[in-house]
Structure formats: C-alpha cells, structure tokens
Amino acid sequence: MSYYVTTPIYYVNGEPHLGHAYTTIAADVLARHMRQRGEDVFFLTGTDEHGEPVTQAAERLGITPRELGDRNAGRFRELARALNVTNDFFIRTTDPEHAEVVAEVVQRIYDNGHVYEGTYEGWYCPRCADFKTESELEEGNTCPIHKIELELEHEDNWFFRLASFQERLEHLYAERPDFVIPQNRYNEALSFIKGGLRDFSLSRARLKWGVPVPWDRSQVIYVWIDALLNYYSALAYARPGEDLRDRFWPATVHLIGKDILKFHAVIWPAMLMAADIEVPRRVGIHGFLLLGEHKMSKSLGNVIEPFRVVELYGADALRFYVVREVSFGSDGEVSPDGFETRYTTELANEYGNLASRTLAMIDRYRDGIVPEAPPDTALAAAFDQLAEVVRERLDDLELTAALDEIWRRIKELNRFVQEEQPWQLSKDDARAERLDEVLYALAEGLRVVSVLLHPFMPESAERLLAALGREDVSLDCARFGAVPGGATVGELGQLFPRVEAEAPAA
RNA sequence: GGCUCCGUAGCUCAGCGGUUAGAGCGCGCCACUCAUAAUGGCGAGGCCGGUGGUUCGAAUCCACCCGGAGCUACCA
C-alpha cells in the first residue's frame, strides 16, 4: 500500500522554530512507522516562498525575495536534517517545475469554467502594498502596522467559484467522517462550509512575486493556491523521469496546524474537484505548543530553539518530548523545565537506565549472552497486542497515545526487574532457570519497546537494538517472544546521559 | 451577537449513568542494590465550577448561571 504524508510548506519570511519542528517530527514518526510496516512511503516537506510577506521581509533585509528564499529554505533543510527527519523530497514553490504544474492545474480550473473575472474590494494600505481584512483593521479603518487611515479600493482580478462547491464539499464530509481529524476540527470545517461559502480571488493584480496567471500574465496566482498545489506538484518532478502521482496520489494525510484548517479542509478539496483531481484521504490537525500562557511565537520572544535543544540533548530527546508532552491534536504547554523533567525521569531514568541495568545483568550473570528461555507468561500478557494497538493509534494520528502505550510497557519492565530481583536469583544455583527466563524476558521486552519506539527515537532505538544484538526494526518482530535468546550483547554506554547544562530554551 | 467546546487532586489531564472518583508529575514514608544515586511499593491531597431538575442512582443526562477557549473566510 502506498502512504503519502506531507507537512505544510513553511513560509520563508522567518526562521524555523519549534512549531515547524513539531509538525515535521510528527510527519516523520508516521513515515517511519509506515516504513516499519513495509508500506511504500513518500514523505514531503518544503518551503513556501511567494507572496507579499516574503517580498516585504526581503526588502527590509535589502535582498531579493529569491535570495531570502534561498537563505531560509536552507535553514528549513538544516532543521529537517538536525531532527533526523526522513523526508523523501524537499519542495520549494520557486522550483520552476512546481510553477509549471501550478499553471497547468489553474488553467484546467479555468477551462472547466470555475473562474471568472471580478472585482475585489477591500481596505488597501499603500505602505504595506496590500489589502487588509476586516479583522485586521483597527479603530477608524486604520492599518494595524502603519496606523494610517485606509481607503476602500478595488482591484480587478480572477475569482474562483468556491461557492459552487458547497454541496460537493458537504457530500464529501458526509461520506468521509474521517476526512478531517480530530473530530472537533471536522465539525469546525463542516460548520464553516454549511454556513455558506463565498467565492474568493485566486489572483493578485498588484503583486509580481509569484506564478503568473497563465491566461493573464499581468497577474500572479494567489499564494495559497500556489502553496497548496505543492502537495500535488512535488510528485510530478521529485524523481526525474518518473511521475509519482500515479503511485502516491491522492495523499494519505496532510499534517497541518489548526491555523490553516480552512485552506486545507475547504479550499483545497474544492480546488482539486474543480481540476478533476482526486481529493486527499485525510487532513490531520494538531494543536499549538504553548509556552506559558501564550502561543509560541518569535515576536513574543519565548521560543524554545530547536537547533539548540538538539545540540545539547540530541534529536531524539526533542522528538520524544514534543510528542510525549502534548496530546497530539490539542494545544499544550511546553517549557524548558518540562523538557528537563521528561528527559531525566523518562529518557534517562526509565528507558536509558532500564537498558543499562538489563545489559549489565546479562553481562554479569550470563557472560553477555541473552539466555534462551520460554517467554515469561506475565510479561507476555502485558505485551499482548501492543504492536496492534500502536498501529491503530498511529492510524488515527494519536501519536501521543501510541507513545504512551509503549511507555507503559517500559514501566512494566522496570517493575518486573524489581519484583523478580535477578540479583537474588543469581545467588542461588537452584534458581538458575528462573534467572534465564527473567533475563530473556527483559532483553525481549526491551527489544520490543525499542522496535516500537524506533519511529519516535530512531537513533536511540537503533543503538539499543544493536547493543541487544537484534537490529531488525520491522513491525512484524515487535512481538514479545518473536526473537529467541542467544544473541551476544554489546556495549551501549549511556543512551541519555545526564546533561548538566543551562536550560535548553533560548 | 451566533455556533462549538471546556471547567475533576498543587500542576497536566483521563473517566462521561451504577460498587469507597483515577493516572502522571510534584510532596511524604518505606523497600531494594542489577543499573545513568537509577528502580519499586505505600500514603497524604478532590462538596468532580455553581444552582435547580430527570432518575432507584449523576462527575457522567437536561436547564439556567458563572468562568475560560475556538470558529465566525481571501495574513502567510
């Protein structure tokens, strides 16, 4: 089965921050998990580089939009690398191949009769060189940035007949209750649709930084139309000489933050319908990572700097933390203290130390060879159906719940050690058989959780599995008792060393 | 204003008609010594936002009130 997962393409008018890292990490967890299952996976991320804010940001820096795009696209690529993310392609909307596909699709929407010439009326700020929305306006119709009084101006541009898709969209939602998840976002999108849709302009007459409208080169395609099409266009040219659209379209899941719900849950499917292209299987929405009381944002200066955390603690620690701390789909608070606590208590003490004590005991009591023994029945019961549950959770985009299932087993293993007291068993030759069972069960349990943890913390899981002498990470072998004893264990060192450093926040 | 959601232990949250309301973190006590001074057990702590109602029975259903959040379209 093919599995195509995307992140939004990130807007290059600013530096990457934890919010970007969050979506990218989540997408990577899914991509890696599906690869474990043996699925045919394509994972896309990239950058959105057109539009007004980019030209403005570039202007402020005294460089061209293209240069700004190059610079920040590079930063987003570095972020993906730092996070140990396995995207199969990195798209930029300034790729000429992307522009070609955009022009093609928009032309088709036009040819299909879903576009007409209209007049956009709005509050125009000459200093911003942009129209302001009603909600942006301040007292007395003034620009929120320049505080000058704005005039109601007109612009002739091209309109997309979104309103005419209302029925088809409602039908889509009725037919596919999981088109948008979680449920509350589905409801939100549906009620928006039911509230009545209005056409909107798909071109901008005053801008130059974008993809030209094919039948009217004096205008440029509205950034969002341009941007959304990345999911489709990338497949056309990611592999030279191959059109991956046959293999991976429609997309399995678009992962997005809640702020861009409508674009993905309403406009995007309508656009695809207008162009006779199949709509994606589903749109998965996650919440915001909050720091203190506020949404994390650069302007508030409360950003946890992902590059810095990775440098100090490693990519796995950050990947783990964001998935573990905030229930995927909801907003949740993150903090340097919270990170510290989870790193120390869970990664170092519970998981890392479980690995240490297990390997040490196998080394000490059985000369570094995992004993061959029948699987302990109590632990076997505790691990029963674990892989299946994790599968289901991830199918439902419940990343946090999936991780929690795994983590409960880690705690179970620590409890098992305490109850069985292998150090006592080792003193009594009559109980050697039980010691074999206990050590095998520990090695096996540790192996299973590590295989399941692999999508979340690939590097650590691999290191641990290598130390256990069993490196297969396919989901099929994530069953307690699936692999017999007999392996020679190796050196591991500290998986998550304690870090005596200042807080990870910037 | 309209629609939707939420208010449960100090903190974050689960439970959503049926025995004495749960988890994690934090706090206190105890046990163990294999391990990154890690681990395990026990305990303290809650008029389940308020008021009325439905019911044999409500944190769980209904109404209203108080408090908070989201959405109510062309910012990416």
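Lettering follows sequence order; numbering is per chain, from 1.
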Sugar-phosphate or base contact per nucleotide [nucleotides 28-34 of chain B; S, B, -; heavy atom under 4.0 Å]:
----SSB
So if I define the base as every atom that isn't primed, P, OP1 or OP2, how would nucleotides 2-16 of chain B read as a B/S/- string at a heavy-atom cutoff under 4.0 Å?
---------------
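Considering all non-hydrogen atoms of both residues, A:Arg357 and A:Leu354 come closest at CG-O, 3.3 Å.
To the nearest 0.5 Å, the span separating CG on A:Leu435 from CZ on A:Arg366 amounts to 4.0 Å.
The residue among A:Arg342 and A:Glu188 whose nearest nucleotide of RNA chain B is located toward the 5' end is A:Arg342.
The base of B:rA35 sits within donor-acceptor range of the side chain of A:Asn353, with an N or O pair under 3.5 Å.
In this structure, A:Ile267 reaches neither bases nor backbone, as no heavy-atom distance under 4.0 Å exists between it and the strands shown. Among the atoms of the strands shown, none is found under 4.0 Å from any heavy atom of A:Leu202. Using a 4.0 Å heavy-atom cutoff across all strands shown, A:Gly118 reaches no nucleic acid atom at all. Residue A:Arg415 is classed as a sugar-phosphate contact, given heavy-atom separations below 4.0 Å to backbone atoms only. A:Leu354 comes within 4.0 angstrom of nothing in the nucleic acid, heavy atoms only.
For A:Tyr186 and A:Phe179, the ring centers sit 6.0 Å or farther from each other. Taking the six-membered ring wherever Trp is involved, the centroid distance between the rings of A:Phe160 and A:Phe165 falls below 6.0 Å.
Distance noted for atom C1' between B:rU19 and B:rC3: 40 Å (whole Å).
Looking at RNA chain B, the stems built from 3 or more consecutive Watson-Crick or G-U wobble pairs, each pair with its key distances under 3.5 Å, are B:1-7 with B:66-72, B:10-13 with B:22-25, B:27-31 with B:39-43, B:49-53 with B:61-65.
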